[in-house]
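Since this is a predicted model, take the numbers as computed values, not measurements.
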Amino acid sequence: MKDTKSLMRKAHFLGTKIRNLRKRNNLTIEDLSSRCVKVDAESAPSVSYLSMIERGKRVPSESMLEVIARVFEKPPEWFLDEAPEEDDLTPVKSSSAGGITGIPLEPNFLFSNEILQIAIPELLSQTGTTGRQFAHLLIRAHQEHYQNHFPDLERAAENIGKKQLPLNHDALHDIIKQMGLKLAWFDTPGDDVREEIWHNENCIVTSYYDPRGTVFINRILEAWPMRYKYDLAVHIGHCVLHDKDAYKTVLVAGHGQSSTLMEDDAFSHQSSSVNSQDILHAWRDFECSFFAGALLCPKVPFRQMLDRYSYEVDVSKLVDVSESVAMRRMTAVSPYPHWHYFDAYPPGKLKAVYRGNGIPLPWGNMRSVKDPCQHWSVFRMINTPVKGTASQLSILNVNGSPRIYCCESKYVEDLAGQNHVLCAGIDLNPAIEAQGKDAHTLAQELKAICVSNGGSAPVPAAIKRDLTTVARILNIAWVSRGIEGDARLICPRGTECPRVPSCYDGCEHTAP
């Protein structure tokens with residue numbers, strides 16, 4: 001064995017390997033510590049020390065590593081060969097449970113808080129990412145990790161709205177009055193409000209909250225009652241969840257350089273530096289938006305309505321909310337957790353993103369791409385508008401294996417007069433597996449059929465039967481419609497195109 005300094009230089013993957021072995025053998029940290037005590041009580045690590053070893057915070061002594069190695073029947077050198085395992089078990093949510101997946105951050109010492117605090121601002125500066133955009137990325141990752149389940153926010157909204165569905169304007173006005181707030185209309189926002197946002201002709205200030213207790217509403221919302229309800233709900237959320245005397249809240253409609261990644265706010269924090277104020281405001285924006293959805297579409301009543309109407313997007317009309325609010329709430333209230341949601345503006349900008357099913361992100365987020373993969377329904381409809389909604393069954397490679405998705409998209413116009421496409425979709429693979437079918441084999445077969453037919457093809461009868469059974473169990477009408485149409489191969493840009501011949505020059509496309 002090597003001395004301590006030499007061992008430290010070769011311990012880059014040691015913690016990960018110990019954690020992986022422990023998990024594969026279904027041992028808790030307490031179990032492993034007890035096993036080590038049985039081998040050599042004097043050299044055995046404590047539970048807390050083992051935890052630090054696994055996280056790369058400590059390097060075991062030579063004798064301690066020998067004890068751990070004996071528990072797993074491995075030579076000590078195996079832990080120090082500096083070769084990461086191919087099938088790594090990362091300490092994050094598994095892709096089989098939906099949500100985002102992580103990567104093992106090794107060598108661990110390069111990912112300490114101190115190093116990341118130095119590296120992240122430099123990364124943002126070099127990529128042109130603003131501090132506020134980065135804050136929204138953090139929030140989105142948090143949202144996807146928990147698959148849009150925030151029971152505290154749901155309860156706060158239910159306590160205020162009493163689970164009324166639909167919640168009409170009079171009820172919202174009563175809540176506003178009970179909270180001691182006032183409403184006032186404006187035709188043009190004042191200079192102080194315009195200073196709060198990054199000026200852009202594509203955006204319209206729809207409302208703002210003044211810390212003195214007044215909610216100012218743009219008179220244009222008189223013709224947009226659903227957006228009016230949403231804005232009121234957001235401001236109610238701000239006052240319920242946060243100190244209503246704390247700061248001004250500005251809501252805008254439209255899309256442009258000013259729009260943030262997640263919500264309808266457009267503050268002017270364009271610096272690449274990351275500060276606590278940016279992160280705090282971004283988090284409060286998210287909380288208020290989620291609260292607004294939960295207030296207007298309370299979880300249990302809305303889930304029951306979705307079940308009655310088989311998750312049709314037009315259910316939004318029955319509850320008097322926009323399609324955007326209804327589709328986003330589907331991802332939060334459905335008992336099936338594997339959802340995604342996109343809101344795309346031409347030519348290829350994704351304004352809102354949620355990937356609770358771990359679907360790879362198509363090009364467009366945080367940058368405007370002129371030619372995103374047009375086989376994605378959300379981008380195809382930007383150029384070819386469809387009346388009503390459109391369903392699509394898609395096959396997409398994820399980590400080298402094909403997966404089957406189905407989505408429902410709708411072409412809409414926002415208050416600023418800009419056209420965009422809303423898209424809600426699900427990963428069908430978990431539902432297929434739940435019926436005892438081999439989802440991987442089924443996806444491979446469907447992919448092969450699409451490849452042989454130039455990238456899209458009708459679903460064969462045998463596969464259609466299996467998918468129809470799944471659609472009925474899920475009780476999602478647009479999945480049934482998607483199965484009746486052609487299945488399409490799609491790809492996130494920058495990866496190998498699955499179509500033959502490729503859509504791009506050469507077999508691999510590099511993003512602009």
Handout entry: Cationic N near anionic O, under 4.0 Å, K299 to E154
Key = no

Donor-acceptor pairs under 3.5 Å, side chain of residues 425-433 to any protein atom, not counting sequence neighbours: which ones?
residue: D427; atom: OD1; partner: N429; partner atom: N; Å: 2.9
residue: D427; atom: OD2; partner: R403; partner atom: NE; Å: 2.9
residue: D427; atom: OD2; partner: R403; partner atom: NH2; Å: 2.9
residue: N429; atom: OD1; partner: I404; partner atom: N; Å: 2.8
residue: E433; atom: OE2; partner: A439; partner atom: N; Å: 3.2

Exercise for the section: Output yes when a side-chain donor or acceptor of S452 lies under 3.5 Å from a complementary backbone atom of A448, and no otherwise. Expected result: yes

Handout entry: Ring-ring centroid check H149 F290, cutoff 6.0 Å
Key = no

Practice task
Sequence neighbours left out, what passes side-chain contact (heavy atoms from CB on, under 4.5 Å) with E222? Give chain and number order.
Solution key: W185, R219

Practice task
Output, in order, the C-alpha distance, side-chain angles, deciding distance and verdict of side-chain contact (heavy atoms from CB on, under 4.5 Å) for I236 and I176.
Solution key: CA-CA 7 Å; I236 289 170; I176 290 284; 3.7 Å; yes

Practice task
Not counting sequence neighbours, which residues clear ring pair (Phe, Tyr, Trp, His ring centres under 6.0 Å) with H173? List them please.
Solution key: Y228

Exercise for the section: With sequence neighbours left out, write down each residue that passes side-chain contact (heavy atoms from CB on, under 4.5 Å) with P372, or none if nothing qualifies. Expected result: V369, Q374, F379

Handout entry: Qualifying ring-ring contact (aromatic ring centres under 6.0 Å, His included) pairs with a residue from residues 418-463, counting only residues at least two apart or across chains
Key = Y345-H420

Practice task
Apply ring-ring contact (aromatic ring centres under 6.0 Å, His included) to F342 and H340, showing your working.
Solution key: CA-CA 7 Å; F342 297 133; H340 65 263; 5.3 Å; yes

Exercise for the section: Could I get the full list of side-chain hydrogen bond (donor to acceptor under 3.5 Å, both in side chains) partners for D438, not counting sequence neighbours? Expected result: T441

Problem - Side-chain (S125) to main-chain (P121) donor-acceptor, under 3.5 angstrom - result: no

Indicate every side-chain donor-acceptor pair of residues 474-484 with a distance under 3.5 Å to a residue at least two apart or in another chain.
residue: N475; atom: OD1; partner: S310; partner atom: OG; Å: 3.1
residue: N475; atom: ND2; partner: D307; partner atom: O; Å: 2.8
residue: N475; atom: ND2; partner: D307; partner atom: OD1; Å: 2.8
residue: W478; atom: NE1; partner: Y311; partner atom: O; Å: 3.0
residue: R481; atom: NH1; partner: E312; partner atom: OE1; Å: 3.4
residue: R481; atom: NH1; partner: E312; partner atom: OE2; Å: 2.7
residue: R481; atom: NH2; partner: E312; partner atom: OE1; Å: 3.0
residue: R481; atom: NH2; partner: E408; partner atom: OE2; Å: 2.7

Practice task
Establish, from distance only, whether the side-chain atoms of R328 and S289 form a donor-acceptor pair under 3.5 Å.
Solution key: yes

Problem - With V386 via side-chain contact (heavy atoms from CB on, under 4.5 Å) - residues at least two apart - result: M381, A390

Practice task
With sequence neighbours excluded, give me every side-chain hydrogen bond (donor to acceptor under 3.5 Å, both in side chains) pair touching residues 161-170.
Solution key: none

Practice task
Using atom types as modelled and distance alone, determine if a side-chain donor or acceptor of D414 lies under 3.5 Å from a backbone N or O of Q418.
Solution key: yes

Problem - Any donor-acceptor pair under 3.5 Å from T331 side chain to M327 backbone - result: no

Practice task
Compare every heavy atom of L361 with every heavy atom of P492, then report the nearest pair and how far apart it is.
Solution key: CB-O, 3.7 Å

Completion exercise
The side-chain contact (heavy atoms from CB on, under 4.5 Å) partners of A487 (sequence neighbours excluded) come to L393, I395, L446, C450, V459

Problem - Expected output: side-chain R329 to main-chain C297 donor-acceptor under 3.5 Å - result: yes

Practice task
Please test L295 against I160 for side-chain contact (heavy atoms from CB on, under 4.5 Å), starting from the C-alpha separation and ending with a verdict.
Solution key: CA-CA 8 Å; L295 181 64; I160 293 296; 4.2 Å; yes

Practice task
Would you please indicate if the ring centroids of F216 and Y208 are separated by under 6.0 Å?
Solution key: yes

Handout entry: Residues F186, V205; criterion side-chain contact (heavy atoms from CB on, under 4.5 Å); working and verdict
Key = CA-CA 10 Å; F186 68 87; V205 174; 4.1 Å; yes

Problem - Sequence-distant partners of Y336, ring pair (Phe, Tyr, Trp, His ring centres under 6.0 Å), two or more places apart - result: H338

Completion exercise
Across all chains, not counting sequence neighbours, the ring pair (Phe, Tyr, Trp, His ring centres under 6.0 Å) partners of Y309 are none

Handout entry: From CA spacing to verdict: side-chain contact (heavy atoms from CB on, under 4.5 Å), V315, L306
Key = CA-CA 7 Å; V315 75; L306 288 173; 3.7 Å; yes

Practice task
Mind telling me whether W283 and F150 have parallel, tilted or perpendicular rings, with 30° and 60° as the class edges?
Solution key: perpendicular

Practice task
Spell out, as yes or no, whether a donor-acceptor pair under 3.5 Å connects the side chain of Q143 to the backbone of N148.
Solution key: no

Practice task
Taking R499 for its side chain and C503 for its backbone only, find out whether a donor-acceptor pair lies under 3.5 Å.
Solution key: no

Exercise for the section: Keeping the roles fixed (side chain from Q392, backbone from H375), state whether a donor-acceptor pair exists under 3.5 Å. Expected result: yes

Exercise for the section: Decide whether H235 and S207 meet the rule of one side-chain donor and one side-chain acceptor closer than 3.5 Å. Expected result: yes

Problem - Residues S394 and W376: side-chain donor-acceptor under 3.5 angstrom - result: no

Practice task
Check whether any side-chain N or O of N218 sits under 3.5 Å from a backbone N or O of L221 as a donor-acceptor pair, and report yes or no.
Solution key: no

Exercise for the section: Evaluate whether atom CZ of R308 has more than 12 neighbouring non-hydrogen atoms of other residues, nucleotides or ligands under 6.0 angstrom away. Expected result: yes

